[in-house]
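In what follows, a structure is listed as structure tokens, so that the remarks can point back to it.
No hydrogens, no waters, no symmetry mates; every other heavy atom, side chains included, goes into these values. So you know, we letter chains A, B, ... as the sequences are listed, proteins then strands, and number each from 1.
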Number of protein chains: 2
Amino acid sequence: MPAAKAQPVDVRERILEHATRLFAKRGFEGASLKDIAEAVGIRKPSLLYHYPSKDELRGAVLAHLLDRWNDLLPRLLVAATSPEGQFDAVIGETVRFLTEDPDRARLLLREVLDRPQAMGKLIHDHVRPWVNIICNYIRKGQQQGTVHADVVPEAYVVNCMSLVLSNVATHDCLRSFGAEAADSYTRELLRIAKSSLFRRREEI
Amino acid sequence: MPAAKAQPVDVRERILEHATRLFAKRGFEGASLKDIAEAVGIRKPSLLYHYPSKDELRGAVLAHLLDRWNDLLPRLLVAATSPEGQFDAVIGETVRFLTEDPDRARLLLREVLDRPQAMGKLIHDHVRPWVNIICNYIRKGQQQGTVHADVVPEAYVVNCMSLVLSNVATHDCLRSFGAEAADSYTRELLRIAKSSLFRRREEI
DNA sequence: CCTACCGATCGGTAGG
DNA sequence: CCTACCGATCGGTAGG
């Protein structure tokens, strides 16, 4: 009867949480296994029992983040029906996913900087499919005349991804810029994304 | 007569070059003083003679980058006269400055992630003045009807900065996305920035 | 899950 | 600008 174990929540998951937070805050090289272990409340060798090396922990952290993203995707893609509604759902949920825990954006940006080649392959495998779906909606919108004709779909979507990522990741840093409301930058981001995609009513 | 010294170019500057490159590639914690010194062709204690600590080297690298940026600014701000020409000059030169050496973008992004508070102050001091100038041009454009009325100037400029920075920094990683031309992402970035700012002729 | 310990490497110093 | 060296900390292992 293991009645009074330290914390009931799965230790492996608590390790991932604190590893995500510390990798995001200090970077992979800047966050030591000792610090992560002691944030969880165990010793370094105990952490290495669950994840046998720091590199395997890095991989597990990234896989865990992508799992949460994949949880979101299916209901996101079938949610809306109209082209503009679909777009709002997709970019809105993406922003919400990253804003809910900004460490996700910071970690992803750091991984892209640290290992561009490996992340390129990973993005190609995990993100390409739904990018293609968005691109098809954009092309359909161009045929119907609701989307600007000079949009380059793939490049547009990639730039939007970059923009959302860096907007959330640098949120703390850039908030010191003005006295405006905290989410005014994110609202302007959505305006930029939509304004550069859809033709306005008065144009049609 | 010190005839055959190793390299005639200033050693301090060569240290800054290699430190910029290695900090950008591996991060501050991931790049060791030994690696930087040996890339220059000297030993670690010799590097520490020129920059007495790793933190002072970090500061010098950042200051050097901002100096290059400040070299660019004055001629950039007086270059064009029309609002749209001014905008093209500013964002075009910003892209060129970062594209010329993508390590600049990578280093700045890493610094923002590593030390958001310190970078917030630094941005406030060094970048705020010319952001204000751009914002005034945007507001003038809004009064004249050439710029969309719903643009929030400060938030727009900050988002554009974020977008340019992350676009250049993640260039290597995202190029693997499609078979398109290497600069198609950057061209789409410029289109997004302009399309979400200026009203199209047919609207006016 | 722990204590005890490993060799390697870190930023930095002494001294010339 | 160098060699030689410092204590501290790194990721990881042995053994229980």
Under 4.0 Å, counting only non-hydrogen atoms across every strand here, what does A31(A) touch: a base, just sugar-phosphate, or nothing? sugar-phosphate
Using a heavy-atom cut-off of 4.0 Å across all strands, would you classify S32(A) as base, sugar-phosphate, or nothing? sugar-phosphate
Ring-face cation of R68(B) near F97(B) (centre distance under 6.0 Å, axis angle within 45°): no
Which listed nucleotide ([options]) is nearest to the side chain of [X]?
X: L33(B); options: dG11(D), dG11(C), dT13(C); answer: dG11(C)
X: L48(A); options: dC2(D), dT13(D), dC10(C); answer: dT13(D)
X: K44(B); options: dT13(D), dC1(D), dG11(C); answer: dG11(C)
X: V11(A); options: dC1(C), dC10(D), dG12(C); answer: dC1(C)

Can we say [X] and [Y] salt-bridge, meaning some charged N sits less than 4.0 Å from an Asp/Glu carboxylate O?
X: D172(A); Y: R106(A); result: yes
X: D150(B); Y: R200(A); result: yes
X: E17(A); Y: R14(A); result: no

How many whole angstroms separate atom [atom1] of [X] from atom [atom2] of [N]?
X: K54(B); N: dT13(C); atom1: NZ; atom2: P; answer: 15 Å
X: E29(A); N: dT9(C); atom1: CD; atom2: P; answer: 13 Å
X: I36(A); N: dC10(D); atom1: CD1; atom2: P; answer: 11 Å
X: F28(B); N: dC10(C); atom1: CZ; atom2: P; answer: 13 Å
X: L57(B); N: dG12(C); atom1: CG; atom2: C1'; answer: 14 Å
X: D35(A); N: dA8(D); atom1: CG; atom2: P; answer: 17 Å
X: R12(A); N: dC1(C); atom1: CZ; atom2: C1'; answer: 15 Å
X: L47(B); N: dC2(D); atom1: CG; atom2: P; answer: 10 Å

What are the two closest heavy atoms between P116(A) and C173(B), and how far apart are they? O-SG, 3.6 Å
Phosphate OP1/OP2 of dT3(D): any R43(B) side-chain N/O under 4.0 Å: yes
Is there a Watson-Crick or G-U wobble partner for dG15(D) with both distances under 3.5 Å, and if so, which one is it? dC2(C)
Note: for P45(A) and K34(A) on DNA chain D, the residue whose nearest nucleotide lies more 5' is K34(A)
